[in-house]
Amino acid sequence: MTVTPFQRRVYEAVSRIPKGKVATYGGVAAFIKCGSPRAVGQALRINPYAPKVPCHRVIAASLKLGGFQGETRGGAIARKERLLAGEGVRFESGRLSDPRRLFSYQGG
DNA sequence: AGTCGCCACGAAG
DNA sequence: CTTCGTGGCGACT
């Protein structure tokens, strides 16, 4: 498998998200100084470190679930929601119930 | 090396 | 809702 330096940055940033909180694609992008949140999603989509990198803790800026395991809808999203529920992050109608669960990065 | 099309997004209209 | 901007990457030439 080939992991680009950009991807490493993404995975490192995502690994910082504490259990019980979630970050947005845009938030991660900003932290790693990437102008395109979409590129972050692309990196997470091919996440080779499935268990190590908690990609399920990354949602869209609209507070919707975004994608999971390469899917934007379907069973994968349902599993993502259940996974987060197990960490205390609840969703309602596919949207984050409590925005206070959002994680924001500190420094560089 | 240059080009093209695809993305788990986001902001604006 | 639709449209446009954006950065990164695989596939093709």
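In this text, all values refer to a predicted model and were calculated from it rather than measured experimentally. Protein chains get the first letters and strands the later ones, always in sequence-line order, with residue 1 at the start of each.
- Between the C1' atom of B:dC9 and the CD1 atom of A:Ile59 lies a distance of 12 Å, rounded to the nearest Å.
- Atoms CD1 and CD, on A:Ile46 and A:Gln7 in that order, are 4.0 Å from each other to the nearest 0.5 Å.
- Tracing side-chain contacts under 4.5 Å through hydrophobic residues (I, L, V, M, F, W, Y), one reaches A:Ile17 starting from A:Val40; they form part of the same cluster.
- Atom CG of residue A:Leu44 and atom NE2 of residue A:His56 lie 11.5 Å apart, to the nearest 0.5 angstrom.
- The distance from atom CG of A:Leu96 to atom C1' of B:dA8 is 17 Å, rounded to the nearest whole Å.
- Atom-to-atom, CD of A:Glu71 to P of B:dC7 comes out at 13 Å; the value is rounded to the nearest Å.
- Note on residues 1-24 of chain A: pairs passing ring pair (Phe, Tyr, Trp, His ring centres under 6.0 Å), not counting sequence neighbours, are A:Tyr11-A:Tyr49.
- To the nearest 0.5 Å, atom CZ of residue A:Phe91 and atom CD1 of residue A:Ile59 are 4.5 Å apart.
- Listed in residue order, the members of residues 86-95 of chain A having a heavy atom less than 4.0 Å from DNA chain C come to none.
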Each nucleotide N or O in nucleotides 11-13 of chain B that has a protein N or O under 3.5 Å away: list the pair and distance.
none

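- Put simply, OH on A:Tyr25 is 6 Å from P on B:dC9, counting in whole angstrom units.
- Between A:Glu71 atom CD and A:Arg45 atom CZ the span is 10.0 Å, to the nearest 0.5 Å.
- In this structure, A:Leu63 places its CG atom 13 Å from C1' of B:dG10, rounding to the nearest Å.
- When the shell of 6.0 Å around NZ of A:Lys64 is examined, it contains 12 or fewer heavy atoms from other residues, nucleotides or ligands.
- No continuous path of hydrophobic side-chain contacts links A:Leu83 to A:Val58 [ILVMFWY only; heavy atoms under 4.5 Å].
- Here A:Gly70 lies in heavy-atom contact (under 4.0 Å) with a base.
- For A:Glu87 and A:Arg57, the salt-bridge test passes: some basic side-chain N is under 4.0 Å from an acidic carboxylate O.
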Next item on the list: Determine which bases of DNA chain B form Watson-Crick or G-U wobble pairs with both distances under 3.5 Å, and write the result as a 5' to 3' dot-bracket string with | for other-strand partners.
Entry: |||||||.|||||

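- Ion pair A:Arg8/A:Glu12 not flagged as a salt bridge, since none of the NZ, NE, NH1 or NH2 atoms sits closer than 4.0 Å to an Asp/Glu carboxylate oxygen.
- Rounded to an integer number of Å, the gap from CZ of A:Arg73 to P of B:dC9 is 14 Å.
- A distance of 7.5 Å separates SG of A:Cys55 from NZ of A:Lys80, quoted to the nearest 0.5 Å.
- Under the ring-ring contact (aromatic ring centres under 6.0 Å, His included) criterion, A:Tyr105 pairs with A:Phe31, A:Phe103, sequence neighbours left out.
- A:Lys19 contributes atom NZ, which lies 11.5 Å from atom CG of A:Leu84 (distance to the nearest 0.5 angstrom).
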Next item on the list: For each nucleotide in nucleotides 6-13 of chain C, reading 5' to 3', give B when a protein heavy atom comes within less than 4.0 Å of its base, S when such contact involves only the sugar-phosphate, and - otherwise.
Entry: BBBS----

